[in-house]
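Here the structure is laid out as structure tokens; the discussion comes afterwards.
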Amino acid sequence: MKIKFWEYMRRLKPKGMQSMVMLAFSLISISIMLILGVVMYIKFSALSQREMIQDTETLMEQTRERLEEYLIAMRQISDTVYYNVIKENDLSAQDNKIQQGMNIIYEANRGHLRSIAIYNDYGSLMAAEPVASQKEDPDVIHQSWFQKAMAAMENMHFSTPHIQNLFDDATRRYYWVISLSRVVDLTDKGAPVTGVLLVDMDFSGVSRMLQRLNSNTSDTGQYFYLCDSNGEIIYHKKQMQISSGSFRENNVSAAAYKDGVYGERFGGEHRKLIIKTVSYTGWKLVGVIPDSTFTQGMFDIRYFIIMIILLMAMMLAVINRLVSVWISSPILKLNDSVREYEAGEKPEIYIGGSQEIRHLGHSIQRSYEQIDKLMQEIVKEQNERRKSELDALQSQINPHFLYNALDSITWMIEGERNDDAVFMISELAKLFRISLSRGQTVIRVQDELQHAKSYMNIQKIRYKNAFTVIFDVDPDVYTFCSVKLVLQPLLENAISYGVSGMDDSGEIRVVARKQEEKIILSVVDNGFGMSEEEVELVLTDSDRIHKRGSGVGLINVNNRIQMLFGKEYGLVIESEPDEGTTVSICMPAVPYTDDNRKILEKGFMFGADEINNRGIQDKL
């Protein structure tokens, strides 16, 4: 899988500079946007979390104040009963002022007051409001509110919510109450006695406050509960589930915290706890905010950040495109001009863009100008060298012709064969007229064939018609170019090495054909032939000793042809022992014109099509 992935990445690798610049800018831009998006999300998340905690603290503070007002009201009721009723009256008085005072206070606060009762230190009921019968043996002295009051006489004591179980109710209903108990000094028949004042407030008031608090945040997942300093739950929205064991709460740990904001992991979930302590009681108002609540609150912010990133991405894509074009365009133009130059054209090297690119363009332009100058000098030197080499090779052949011809004329005159001598001199004149050709090294194929005929006429006289000569020529080849004096060495070698010792049975055929885009001039003899090893040495062993012939031989001809036309042209030799030899000259089919002749004589080594085109262009 990894190999396929990296192969895919390599295929996606950009090849152009503009693509690379744009990719680099895009990667940088994407990285910056991602970092910016993450930072923005973290900042917004922290801000949102802080604001949610602050809003929750505000709600809890308001609820705590209402709870404290509720508790203050209970204390005020207790103080009023104690200081305005109990301390001012005797329990045994006949006017029942204590009962009347308690009744007035009860009626004034009956909306949230459930009962007021006075007990002596033995747990006996001394007075109560509203008037009601006490249940049989309520065992008052063993109830927690009574014991707490007697244990700490100087304090007021608030109980946790519980069912009021002291008095019979005509409606047979049971009420959840919060009890405030305190030790009071009673007067009974003029004697001071100790008693306990019990004020039961309806718990529904506290319950409604906390229900309203939870209803404000029911959609967010956060909730609130109330517990005492020991962790015993006073109110919880899931009180029933907690009692049944289907829901757990970390209330004991929460009760140990001081006021503030805390993080904890409970039930496999991270959450925040906000603690507020209710005055007078030590109760803890606890706000629970799961981390999922913060996440839900970030949905809108996520969409907002994503939209900002998308807009920035579109803007940066356009900017990246413009910047990459601005940076790469001068370099691409410079590269295009260099490619055109490499393709053989002569464009102006692009100079533009920044200072560095302009300097690079100027440097390349100067380098190419120097290269062109050097190339022209090299071409000039090469052409002069080729011309010198061609002239040297040509000079090796001309004296050889003259030597053989004069030698033949000499022995014919000595033998009083004057007519043959005249004919031979006439043919020699034709031969030298073509050989000189006003100093040209490229002539028509027709002239080269005429030169070969004149040469063979002279040789036939010299060899006393010891062999026959046949010219098999296609007239279509007459108008093409040929290197001068390429047939004569082949004919000389055919005579010397092929048919000179065959006693009137020798035959030499000169064949001229056009094959596709090539001119093929062949000299075919039926002489002794050569072995395959000897054929291989003919064109490769320049130090080979020639027993007969020109001493220049076929290597000379092959070199001259290849100097003008290239290595793909030259001589092809085919021979079999006792069967004869065929030596073929292969040249491109170049129409003979003065322009093409001049191009060839300058030493340009082009193929036929290129030479033709060059000649046409020069003519135009």
Side-chain angles (χ1 to χ4, degrees), residues 343-346 371-399 401 430-452 454-455 473-490 512-521 552 556-571 585-620:
E345 301 178 11
K346 299 293 183 181
I371 291 172
D372 286 342
K373 184 178 179 181
L374 292 173
M375 288 297 295
Q376 290 174 3
E377 293 176 357
I378 292 172
V379 170
K380 183 178 179 181
E381 291 176 359
Q382 289 291 332
N383 289 339
E384 290 176 354
R385 185 175 66 83
R386 289 179 183 280
K387 191 172 185 305
S388 298
E389 291 175 350
L390 286 171
D391 291 342
L393 290 172
Q394 186 66 48
S395 66
Q396 294 177 12
I397 297 175
N398 289 336
F401 282 146
K430 293 179 183 179
L431 186 145
F432 271 100
R433 184 170 59 251
I434 295 173
S435 297
L436 294 175
S437 301
R438 292 174 295 179
Q440 299 173 1
T441 57
V442 176
I443 60 176
R444 287 184 176 87
V445 173
Q446 182 179 8
D447 294 334
E448 177 65 18
L449 290 170
Q450 179 59 51
H451 179 276
S454 298
Y455 174 77
V473 178
D474 183 354
D476 291 340
V477 305
Y478 286 155
T479 58
F480 291 94
C481 293
S482 172
V483 182
K484 183 171 63 177
L485 302 183
V486 290
L487 285 175
Q488 178 262 324
L490 273 63
R513 296 283 189 272
K514 182 176 182 295
Q515 296 180 3
E516 297 180 350
E517 298 301 322
K518 295 179 182 179
I519 298 298
I520 306 297
L521 304 179
V552 178
N556 185 315
V557 175
N558 190 58
N559 290 340
R560 291 172 63 212
I561 294 172
Q562 291 185 345
M563 279 186 183
L564 286 179
F565 298 116
K567 296 296 183 180
E568 64 268 30
Y569 301 103
L571 297 185
I585 299 172
C586 179
M587 298 179 292
V590 181
Y592 183 87
T593 63
D594 286 340
D595 291 327
N596 288 344
R597 176 184 60 77
K598 291 176 182 179
I599 291 172
L600 291 172
E601 288 179 349
K602 286 179 181 179
F604 289 103
M605 291 191 299
F606 297 121
D609 291 340
E610 293 170 318
I611 294 174
N612 289 336
N613 292 337
R614 183 64 179 266
I616 293 171
Q617 290 172 3
D618 289 345
K619 287 173 70 177
L620 293 175

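No hydrogens, no waters, no symmetry mates; every other heavy atom, side chains included, goes into these values.
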Inter-residue atom distance I519.CD1 - C586.SG, 0.5 Å rounding: 9.5 Å

Approximate separation, where rounding is to 0.5 Å, of N559 CG and I561 CD1: 9.5 Å

Audit row: V445, F480, side-chain contact (heavy atoms from CB on, under 4.5 Å) steps and yes/no: CA-CA 6 Å; V445 173; F480 291 94; 4.2 Å; yes

side-chain contact (heavy atoms from CB on, under 4.5 Å) between V473 and Y478, worked out: CA-CA 9 Å; V473 178; Y478 286 155; 3.6 Å; yes

Backbone of P588 reached by a side-chain donor or acceptor of E517 within 3.5 Å: no

V486 backbone acceptor or donor facing K484 side chain under 3.5 Å: no

Approximate separation, where rounding is to 0.5 Å, of I443 CD1 and Q450 CD: 10.5 Å

Spatial distance of atom CZ (R444) from atom OG1 (T593) [nearest 0.5 Å]: 9.5 Å

Considering all heavy atoms, the nearest C481-P591 contact: SG-O, 3.6 Å

Gap between atom CG of L490 and atom CG of L521 - 0.5 Å precision: 9.0 Å

Any donor-acceptor N/O pair, D474 side chain to R513 backbone, under 3.5 Å: no

Side chain R560, main chain L485, donor-acceptor under 3.5 Å: yes

Full working for side-chain contact (heavy atoms from CB on, under 4.5 Å) between I520 and I585: CA-CA 6 Å; I520 306 297; I585 299 172; over 6 Å; no

Side-chain donor or acceptor of N558 paired with backbone N/O of L571 under 3.5 Å: yes

Heavy-atom check, side chain of Q562 versus side chain of Y569, under 4.5 Å: no

Interatomic spacing from CZ in F565 to CE in M587 - rounded to 0.5 Å: 6.0 Å

